[in-house]
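Note sheet for the following structure.
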Amino acid sequence: MKIYLRQFFTVILILSFSNIKAQNSPKLHKYLENTPQLTHSQKLTDYDSLVSYIKQVSPIIQFNKEVRKIDFDKHTNNLKRKITAKTSMEDYLFLVQKTLNVAQDGHTSRPGKWLLDIIKKDWIPKGIAELDTLDFPHNYKYDDFLNKNFYTKTKLELAYINGEYYNLLPFSYQGISYPASMKLVSCNGKEIHQFVKSMEELISPLRWDRINNKVYHENFYTVGEIYKNNHLKLTFVDTKQKSKTVTITKDDTVTFLEQKKNNFGYNTNTDPVITHYFEKEQLFYGKIPTMDEKLGDTLINRFQKTINKFAVKSIVLDVRGNGGGSDNTYGKFLGKILKDTLKMNLTIGYIFSPLNGLKKDSIIKYGLTFDKEGPKLKDLEMFYSKIPNFSFFYPSKELIPFEGPIYVLQDRFIFSSASNLSSLAYKTKRIISIGETPNLLGGVQARTSVFSLPYSKLIFRVEPQIDFTDCKTVADIFQNQVEHFVTYPIDFLHDRATTNEDILGKNFLMKKDPMFKKVIELELQ
């Protein structure tokens with residue numbers, strides 16, 4: 001489960017809802033049939049509730065204001081003014097989506113179908129979320145509607161590398177062919193980085209490349225609203241510095257001239273655990289696609305069988321593309337091989353609000369505090385949980401004998417509990433992180449607080465905590481770091497995407513993978 005402090009606070013939701021009579025709407029979208037149809041006043045109340053919940057629970061919007069200059073209040077005030085007596089339910093849902101986007105946090109969002117299923121089948125029975133299961137059919141319809149109308153079907157296979165966008169594959173469009181590895185320089189006549197930075201309401205979370213001080217998102221072009229008169233104008237520069245402009249029609253698909261055989265991005269829920277043993281290096285490699293506890297058990301079993309037969313000097317945990325899940329996944333594995341608990345002194349902050357369920361006397365009772373040294377967020381009354389020697393896992397009674405280093409391979413596509421593992425690796429000597437930073441606000445993250453709006457019944461979640469551990473400035477709260485930074489050149493990414501080789505096979509890892517080759521380099525040292 002996510003690292004969170006249920007013994008310190010519980011989220012209390014006391015919502016009193018009135019019954020809603022659906023209004024007949026001749027223009028009602030097919031995806032929204034039999035969902036609540038709101039009056040103007042109900043939309044305003046619904047919207048005010050959404051903004052209020054986010055402001056009461058999310059300290060991240062204040063971090064974004066101070067560090068990234070994203071003003072949540074300014075955006076939401078402008079969005080609310082667009083709710084008029086003529087605002088349709090379709091337009092209202094777009095405004096709700098934009099409001100969640102403006103929070104600019106990967107955990108503050110509308111749950112999709114996969115997470116809605118988990119909330120309904122797991123979180124509600126366990127008391128983690130207090131929601132009416134009768135509202136879930138509406139939310140599946142909201143998800144369908146927004147996915148198919150807020151976004152487009154356009155696909156360009158862009159990759160962001162060292163501060164620039166490149167197209168990963170060659171393609172043709174309207175009879176003209178375009179080569180791979182062109183650099184994207186502008187969109188709709190505006191310099192590309194300035195264009196994407198302005199999309200705070202349209203896509204979330206926008207990634208922040210601190211090294212190059214640029215905001216980016218590789219799929220920015222999938223947002224339907226940026227298409228002017230149904231067209232999007234993209235200007236590239238090829239490797240010979242020749243300018244090439246593509247004006248693509250909304251929902252059009254380009255024809256890729258090479259087949260993409262390998263994914264670059266987040267893994268799927270069906271990707272398997274992959275393990276290898278490198279005899280010469282005496283190295284065990286394990287790829288964990290998601291933080292699913294069953295996959296963690298698989299990894300433990302395979303490592304046990306390997307070490308029963310061979311000497312193991314080092315371990316590589318590959319979490320590239322791992323979007324998270326349960327901390328127990330890596331925690332149980334580490335607990336099996338490390339005799340000493342890896343500990344950190346944590347400082348976690350929360351907004352002091354009724355939705356966090358604690359009164360001031362409870363703060364003292366539970367050992368929390370309103371004071372802390374170091375940077376604080378302005379204009380927020382916060383309480384802090386200071387946990388000395390916090391243990392991310394506990395050693396198993398039946399340890400597998402292992403004394404060597406553990407390398408964690410990470411790319412920008414890690415999040416949630418995978419990001420927790422990265423944070424642990426960066427702050428402890430026994431585990432060594434290699435690869436890219438995800439460029440998303442990280443550190444230790446909690447299980448999200450889940451809410452439902454009073455009239456639309458739309459379900460959304462909010463990240464309630466922020467990690468102040470070892471922060472010397474407010475910007476340090478962004479947290480995500482890596483010990484040995486290794487990124488992919490565009491030529492390698494192109495070859496990786498199109499090769500017939502097994503990119504997680506022993507030969508490719510050893511001879512071509514830059515991050516795995518860094519492991520071998522460190523081992524030789």
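These numbers come from the heavy atoms of this one structure, side chains and all, not from hydrogens, waters or symmetry mates.
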* Structure fact -> Taken in chain and number order and not counting sequence neighbours, the residues that satisfy salt bridge (charged side-chain N to carboxylate O under 4.0 Å, His left out) with Asp513 are Arg320
* Which salt bridge (charged side-chain N to carboxylate O under 4.0 Å, His left out) pairs, counting each pair once, include a residue from residues 420-439, with sequence neighbours left out? -> Arg412-Glu436
* Asked: For Lys472, what residues pass the side chain to side chain donor-acceptor pair (under 3.5 Å) criterion, not counting sequence neighbours?
  -> none
* Output all residues satisfying salt bridge (charged side-chain N to carboxylate O under 4.0 Å, His left out) with Asp122, sequence neighbours left out; order by chain, then residue number. => Lys126
* Structure fact -> Residues passing the salt bridge (charged side-chain N to carboxylate O under 4.0 Å, His left out) test with Lys65, sequence neighbours excluded, are none
* Does Lys506 have any salt bridge (charged side-chain N to carboxylate O under 4.0 Å, His left out) partners at least two apart in sequence or in another chain, and if so, which? -> none
* Can you list the residues that meet the side chain to side chain donor-acceptor pair (under 3.5 Å) rule with Lys141, with sequence neighbours excluded? -> none
* To do: May I ask you to test the Phe451-Leu355 pair for a side-chain heavy-atom distance under 4.5 Å?
  => yes
* Going from CD1 on Ile70 to CD1 on Ile61, what distance comes out if it is rounded to the nearest 0.5 angstrom? -> 11.0 Å
* To do: Mind telling me whether Phe284 and Phe303 have parallel, tilted or perpendicular rings, with 30° and 60° as the class edges?
  => perpendicular
* Asked: Within a reach of under 6.0 Å around NZ of Lys261, are more than 12 heavy atoms found that belong to other residues, nucleotides or ligands?
  -> yes
* Asked: Which residues pass the side chain to side chain contact (heavy atoms under 4.5 Å, CB included) test with Lys518, sequence neighbours left out?
  -> Ile434, His484, Val486, Glu521, Leu522
* Is any side-chain heavy atom of Ile60 less than 4.5 Å from a side-chain heavy atom of His107? -> no
* With sequence neighbours excluded, tell me which residues meet side chain to side chain contact (heavy atoms under 4.5 Å, CB included) with Lys305. => none
* To do: In plain terms, say whether Glu501 and Arg496 are close enough for a salt bridge, that is, a side-chain N and a carboxylate O under 4.0 Å apart.
  => no
* To do: Could you verify whether a donor N or O on one side chain and an acceptor N or O on the other, from Asn167 and Ser181, lie under 3.5 Å apart?
  => no
* Asked: Strictly by modelled atom types, are Thr298 and Asn301 linked by a side-chain donor-acceptor pair under 3.5 Å?
  -> no
* **Summary of salt bridge (charged side-chain N to carboxylate O under 4.0 Å, His left out) pairs that have at least one residue in residues 107-116, sequence neighbours excluded** => Arg110-Asp143, Lys113-Asp144
* **Residues in side chain to side chain contact (heavy atoms under 4.5 Å, CB included) contact with Glu66, at least two apart in sequence or another chain** => Gln62, Leu377, Lys378, Val474
* Between the side chains of Ser449 and Arg461, is a donor N or O closer than 3.5 angstrom to an acceptor N or O? -> no
* Nearest-0.5 Å distance that lies between atom CH2 in Trp123 and atom CG in Asp117 -> 12.5 Å
* Partner set under side chain to side chain contact (heavy atoms under 4.5 Å, CB included) for Asn101, not counting sequence neighbours -> Gln97, Phe150, Ser204
